[in-house]
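Notes follow once the structure below has been shown.
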Number of protein chains: 2
Amino acid sequence: MVKSLDDTTENKILGAARKVFWEKGMAGARMQDIADQAGINKALLHYYYRSKEKLFEVIFREASSLFFMKIAGIIESDIPLFAKIESFCGEYIAMLSQNPYLPLFVLNEANKQPYRFKQRFWKNRENLFERFARDIMMEIENKKIRPLKPAHLFMNMVSMCVFPFIAKPIWMMSSGMKEDEFIHFLEERKKIVPEFIICSIKK
Amino acid sequence: MVKSLDDTTENKILGAARKVFWEKGMAGARMQDIADQAGINKALLHYYYRSKEKLFEVIFREASSLFFMKIAGIIESDIPLFAKIESFCGEYIAMLSQNPYLPLFVLNEANKQPYRFKQRFWKNRENLFERFARDIMMEIENKKIRPLKPAHLFMNMVSMCVFPFIAKPIWMMSSGMKEDEFIHFLEERKKIVPEFIICSIKK
DNA sequence: ATACAGTTTAACCAAATGGTCAACAAAGAT
DNA sequence: ATCTTTGTTGACCATTTGGTTAAACTGTAT
């Protein structure tokens with residue numbers, strides 16, 4: 001029986017670490033849980049990653065990169081504002097549907113260790129929002145949309161895309177939605193959210 | 001020197017527990033930290049609250065009640081839809097500005113312990129959203145607003161009010177805002193968000 | 001076969017952590 | 001003054017937890 005590429009010890013560890021860290025966060029995760037989840041010994045875990053910190057850093061860097069890369073890619077593309085908004089909402093909600101734990105994980109750790117986050121994970125991301133702001137200012141000058149501070153529009157857009165994933169458990173309790181209804185709800189939002197935004201800003 | 005009412009051991013403990021739990025969450029909080037913060041012995045902490053669980057439950061119940069009560073109060077009031085939206089956004093953002101840790105704390109713990117949350121903290125909150133949905137359907141029938149599923153409108157509104165508090169650290173890094181600029185930003189949102197919503201749905 | 005490198009394990013360790021206990025102090029009640 | 005209840009403390013305990021070590025196993029080149 002040949003070891004497939006996905007089945008190396010290294011990959012089993014990363015998969016297990018991802019699951020445990022995403023679900024429980026740095027403080028709540030236990031090295032023993034990760035080892036169990038990977039089906040290996042705890043000592044072997046330390047053989048591959050010397051400490052919990054090191055392993056966490058790998059998982060967190062991977063996660064925050066996933067969380068921001070998509071945003072950056074779409075926002076820096078050269079398409080008209082409305083198309084950009086549609087593309088952003090659609091693709092970002094799609095990506096988060098694939099990784100529903102991502103927002104809470106990244107935002108929670110960024111809140112709990114802001115200094116560390118800034119030091120290690122905030123390189124070359126400075127001007128992400130600047131580009132979007134310029135697009136908006138341009139369309140305001142062209143009288144295509146009503147005057148509105150770019151920061152608010154951007155915050156509104158990201159809020160409506162990301163928040164449902166964070167509020168999911170409470171939302172499902174209060175709305176009584178079932179799992180598949182929630183999936184459908186998210187699917188709808190790919191269209192509903194950009195429509196909602198454009199309806200609001202279009203002149 | 002008479003002990004003022006706010007300075008009882010009980011209150012010092014609650015204040016300390018609030019601070020530590022809100023900042024670090026259940027998993028990250030240490031009983032020793034809470035005792036230190038309260039300026040008392042760890043044994044005394046256990047004298048008042050037998051276990052970390054018990055103490056956490058008090059703080060969490062208090063927090064989740066704060067988080068939902070305001071919503072309920074406004075949404076169940078008998079005012080017109082647009083006024084209700086304005087009132088909700090303004091008052092909810094104001095309340096969260098006073099308690100900026102609240103959203104992440106409540107949503108994070110609800111995510112990490114969904115079953116426990118449902119069991120212990122979800123009593124008599126079922127029909128909170130139903131009321132708002134009826135208001136919206138009514139206005140759609142009256143042709144006052146464009147057709148839109150109430151669930152999406154509600155989710156959008158809550159998202160735009162709550163999300164900025166969760167994203168604060170990342171937002172401040174990426175936008176370069178300073179603390180007082182952020183406070184001003186939130187202040188603006190009390191008007192901007194309801195305006196944004198009403199612009200979008202008004203016929 | 002054997003030597004050798006990388007991999008895996010059981011057993012172990014020290015620090016951290018939630019929790020307890022017996023003694024002691026404070027404050028009323030008698 | 002003395003008794004009793006309540007509040008407070010330092011020392012202590014058991015378990016959990018991140019991390020280490022030495023031995024054993026595996027595959028491979030000689």
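Every chain is numbered from 1, with letters handed out A, B, ... down the list of sequences.
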- With heavy atoms under 4.0 Å as the rule, sort A:Tyr48 into base, sugar-phosphate or nothing. sugar-phosphate
- CE of A:Met31 versus P of D:dG18: gap in Å, rounded? 7 Å
- Task: Tell me whether the centres of the aromatic rings in B:Phe165 and B:Tyr101 are closer together than 6.0 Å.
- Result: no
- Query: Would you say a side-chain N or O of A:Thr9 is under 4.0 Å from OP1 or OP2 of C:dT7?
  - Reply: no
- Message: Can you confirm whether the side chains of B:Asp33 and B:Gln37 place a donor and an acceptor under 3.5 Å from each other?
- Response: no
- Sugar-phosphate, base or nothing in reach of B:Ala29, heavy atoms under 4.0 Å: sugar-phosphate
- OP1 or OP2 of C:dT20 sitting under 4.0 Å from any side-chain N/O of B:His46? no
- A:Lys52 NZ to D:dG18 P: how many Å, rounded? 5 Å
- Item | Rounded distance in Å - CZ (A:Arg30) to C1' (C:dG18) | 12 Å
- Message: What is the distance, to the nearest angstrom, from the NZ atom on A:Lys42 to the P atom on D:dT21?
- Response: 14 Å
- Message: For a quick check of understanding: with a heavy-atom distance under 4.0 Å over all strands, which category does B:Tyr47 fall into, base, sugar-phosphate or nothing?
- Response: base
- Note on the structure: Between CG of A:Asn41 and P of C:dA10 the distance, given in whole Å, is 6 Å
- Task: Measure from the ring center of B:Phe21 to the ring center of B:Phe60 and say whether it is less than 6.0 Å.
- Result: no
